[in-house]
Each structure stands twice: as structure tokens, then as C-alpha cells.
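Written below as C-alpha cells is the structure these notes are about.
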Amino acid sequence: MSNIVYVLNGPNLNLLGLREPEIYGSDTLDDIAAMLEDRARDLDLAIDMRQSNHEGHLVEWLHEAQAEGAHAVLLNAAAYTHTSIALLDAIRAIRTPVVEVHLSDPSTREDFRHHSYVGLAATRTFQGMGAQSYVRALEYVAEMQVMRRE
Ligand code: DQA
């Protein structure tokens, strides 16, 4: 197993900083990557940060995380969280632990955000803390025991 943590970001998160800052805050995805890289150094981990607006890319990156022996995946699937059985199946198909991340707290927003397919298979969820949701998720994967599903 490697010390690499894949941080996978779904649709519209490339617009962070500009996109509805009253909900998502003013940090860009690059700002979040820099924060995670700083924290990862202390935790003896390395970050591989990616973003795509395409569901299939996220599915393929989950497969890759497993094939590369990544330590864990932090996944903010954005709107695909609430729609994607393909992501649910991909998380179930791999043994790499996947932690669900959201900047906002979807459970306090519109009803259509209350259901999470990602959450049905993720090891844990960190949400509602802005960029700190990612940092807390990273600290969690640094601490966790090997939680591989048999
Ligand atoms: C989000 C929450 C989702 O409901 C939304 O579709 C996003 C961002 C978040 O980080 O708060 O695009 O995942």
C-alpha cells in the first residue's frame, strides 16, 4: 500500500471560489489542495488531487486508486453524490477506503440533496465545514486502522 491519498472532486467544483460563495466559501480548489498538501506532509501522506465534470472519470479514478494501492480516497462527488449508482457500485467494487466529503451540509439543504449514494458505501462522511471538511477527512484517514473490507 502506498501513502497516496486520492482526493477526487466532481462536477462544478472547478468553479470553487466563484461558485455560490455564500454556500461553498471563497477557497478555490487550488487553495484546498495547498491546505491538504501542507497537512499531508505532517501526516506522512501524499495528495493526488483531481477534479472532473464527468461521472465516468470519477469511476475510473476509483478503480485506479485500488490498482495503485492508494492509502485512501477522499471523494466529493458533488451532485453525483445524490444520483450516481455507478459511483456507489465503484466504491463497493474496490477495497480502498473511501471517505465522503462535502463543503456544505447537504442534509440541511434542499430535499433532493438528502440522499447520498456515496454515503451508502463510504467509510465515513465529513461535511458542513467548508475546506476543513477535507482537512478533517485527511486526518481521519491518517489515523484509521486498515479498514479494508474483506
Ligand atoms: C457539495 C454538495 C452537493 O449537494 C452539491 O451538488 C455540490 C457540492 C458540497 O461540497 O457541499 O456540488 O458536494
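In this text, all values refer to a predicted model and were calculated from it rather than measured experimentally. Whatever order the structure lists them in is the order used to number ligands and atoms, beginning at 1.
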Quick one: ligand 1 N/O to protein N/O pairs below 3.5 Å?
residue  : atom   : partner : partner atom : Å
ligand 1 : 4 (O)  : His82   : NE2          : 2.7
ligand 1 : 4 (O)  : Arg113  : NH1          : 2.9
ligand 1 : 6 (O)  : Ala79   : N            : 3.2
ligand 1 : 6 (O)  : Arg113  : NH1          : 3.0
ligand 1 : 10 (O) : Asn76   : ND2          : 2.9
ligand 1 : 10 (O) : Leu103  : N            : 2.8
ligand 1 : 11 (O) : Leu103  : N            : 3.3
ligand 1 : 11 (O) : Ser104  : N            : 2.8
ligand 1 : 11 (O) : Ser104  : OG           : 2.6
ligand 1 : 12 (O) : Arg19   : NH1          : 3.1
ligand 1 : 12 (O) : Arg19   : NH2          : 2.9
ligand 1 : 13 (O) : Asn76   : OD1          : 2.8
ligand 1 : 13 (O) : His102  : ND1          : 2.8

| request: Indicate, with yes or no, if the rings of His115 and Tyr117 have centres closer together than 6.0 Å. | output: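 Aromatic pair counts; centres sit under 6.0 Å.
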
- [ ] Under the side chain to side chain donor-acceptor pair (under 3.5 Å) rule, collect the residues that match up with His63, sequence neighbours excluded.
- [x]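 Testing His63 for side chain to side chain donor-acceptor pair (under 3.5 Å), a comparison that skips the adjacent residues, returns none.
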
Which residues satisfy the side chain to side chain donor-acceptor pair (under 3.5 Å) test with Tyr6, sequence neighbours excluded?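 Residues passing side chain to side chain donor-acceptor pair (under 3.5 Å) with Tyr6: Glu64.
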
Quick one: do Gln127 and Ser107 satisfy side chain to side chain contact (heavy atoms under 4.5 Å, CB included)? Show the steps, please. CA-CA 9 Å; Gln127 61 189 18; Ser107 71; 4.1 Å; yes

With sequence neighbours excluded, tell me which residues meet salt bridge (charged side-chain N to carboxylate O under 4.0 Å, His left out) with Asp38.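 For Asp38 the salt bridge (charged side-chain N to carboxylate O under 4.0 Å, His left out) partners, ignoring immediate neighbours, are Arg41.
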
* Asked: Is there a side-chain contact between Asp48 and Val5, using heavy atoms and a 4.5 Å cut-off?
  ->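 Sidechains of Val5 and Asp48: no contact.
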
